[in-house]
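Computed from a prediction, not measured in an experiment: that's the story for all the values here.
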Amino acid sequence: MTYQVINTIVVRSDAELSAAEAHGMATGMLCANQQAQSAEWLTELFRHAIPAADEDRSTLVHLFEETRSLLANDEFEFDLLLPDDENLLGDQVEALTCWCRGFLLGVGFTHTASDLSKEATEILKDIAEFTKLDIEAEGEEDESDFMEITEYMRSAVLLLCSELNDKGS
């Protein structure tokens, strides 16, 4: 599933979220509650938009379920849905900030700060800081920083998912 495919769907439906923000929201919902349903996500995604066509809904449900599967497996295959390296670094960074916003929104649907560990709270604060990244990024140093942040995010998301879902066990 590519960023471009999902972006086309959300743009066509006039959703207020970008593809990255939509995936971040789905990931946040699933991290906070492994039992979250795609219907809840789609309702939020298209709250003020044109309902998605059946084929588009099917694609989005597939993305949601694929995300659920990747978060649950132990292979560390989960990745953020962001534009690929062929896009400008600034566009990638902007998508990352949107992904982080969506993630925080998704987690917020289920969890309050009072039921989080200190480590989880710190991770969420880091993610909140990433929503403020400078999208005017360019050059090797900024590219390296971007790569480090995305790798941190992958690890942080998996750690949060594990912790938040262990609480319910």
Check whether any side-chain N or O of [X] sits under 3.5 Å from a backbone N or O of [Y] as a donor-acceptor pair, and report yes or no.
| X | Y | value |
| --- | --- | --- |
| T150 | F146 | yes |
| T59 | E55 | yes |
| S58 | D54 | no |
| S162 | L159 | no |
| E44 | W41 | no |
| E163 | C161 | no |
| R68 | L30 | no |
| S144 | E140 | no |
| N87 | D84 | yes |

Nearest 0.5 angstrom please: [X] [atom1] to [Y] [atom2], how far?
| X | Y | atom1 | atom2 | result |
| --- | --- | --- | --- | --- |
| T131 | L96 | OG1 | CG | 10.0 Å |
| C100 | L105 | SG | CG | 12.5 Å |
| C98 | L82 | SG | CG | 10.0 Å |
| L158 | L70 | CG | CG | 9.5 Å |
| H48 | L17 | NE2 | CG | 9.5 Å |
| L80 | W99 | CG | CH2 | 4.0 Å |

Check your understanding: Would Y152 and D126 count as having a side-chain donor-acceptor pair, cut-off 3.5 Å?
Key ->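 The criterion, which ignores hydrogens and geometry beyond distance, is satisfied for D126 and Y152.
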
Review point. Are M147 and F76 in one and the same hydrophobic cluster, where Ile, Leu, Val, Met, Phe, Trp and Tyr link if side-chain heavy atoms are under 4.5 Å apart?
Key: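 M147 and F76: separate clusters.
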
Review point. Got more than 12 heavy atoms from elsewhere within 6.0 Å of CD, E138?
Key: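 No, because the 6.0 Å sphere around CD of E138 holds 12 heavy atoms or fewer from other groups.
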
Point to revise | More than 12 heavy atoms of other groups within 6.0 Å of E119 CD | key: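 It does not: E119 CD has 12 such atoms or fewer within range.
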
Contact summary for [X] and [Y], nearest pair of heavy atoms:
| X | Y | answer |
| --- | --- | --- |
| D142 | A137 | OD2-CA, 3.4 Å |
| S18 | Y3 | CB-OH, 4.4 Å |
| L104 | A128 | CD1-CA, 3.6 Å |
| S13 | A52 | OG-CA, 3.7 Å |
| L160 | A120 | CD2-CB, 3.5 Å |

Do [X] and [Y] come within less than 4.5 Å of each other through their side chains, counting heavy atoms only?
| X | Y | result |
| --- | --- | --- |
| H23 | F103 | no |
| P51 | F46 | no |
| N33 | M29 | no |

Review point. Applying the side-chain contact (heavy atoms from CB on, under 4.5 Å) test to S38, which of L60, V61, L63 qualifies?
Key: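 With S38 as partner, L60, V61, L63 yield a single side-chain contact (heavy atoms from CB on, under 4.5 Å), made by V61.
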
Exercise for review: May I ask you to check if R154 and F78 form a cation-pi contact, with NZ or CZ under 6.0 angstrom from the six-membered ring centre and within 45° of the axis?
Suggested key: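 No cation-pi geometry.
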
Determine all donor-acceptor pairs shorter than 3.5 Å in which one atom belongs to a side chain in residues 4-12; sequence neighbours excluded.
residue	atom	partner	partner atom	Å
N7	OD1	A19	N	3.4
T8	OG1	Q4	O	2.9
R12	NE	D56	OD2	3.0
R12	NH2	D56	OD1	2.9
R12	NH2	D56	OD2	3.1

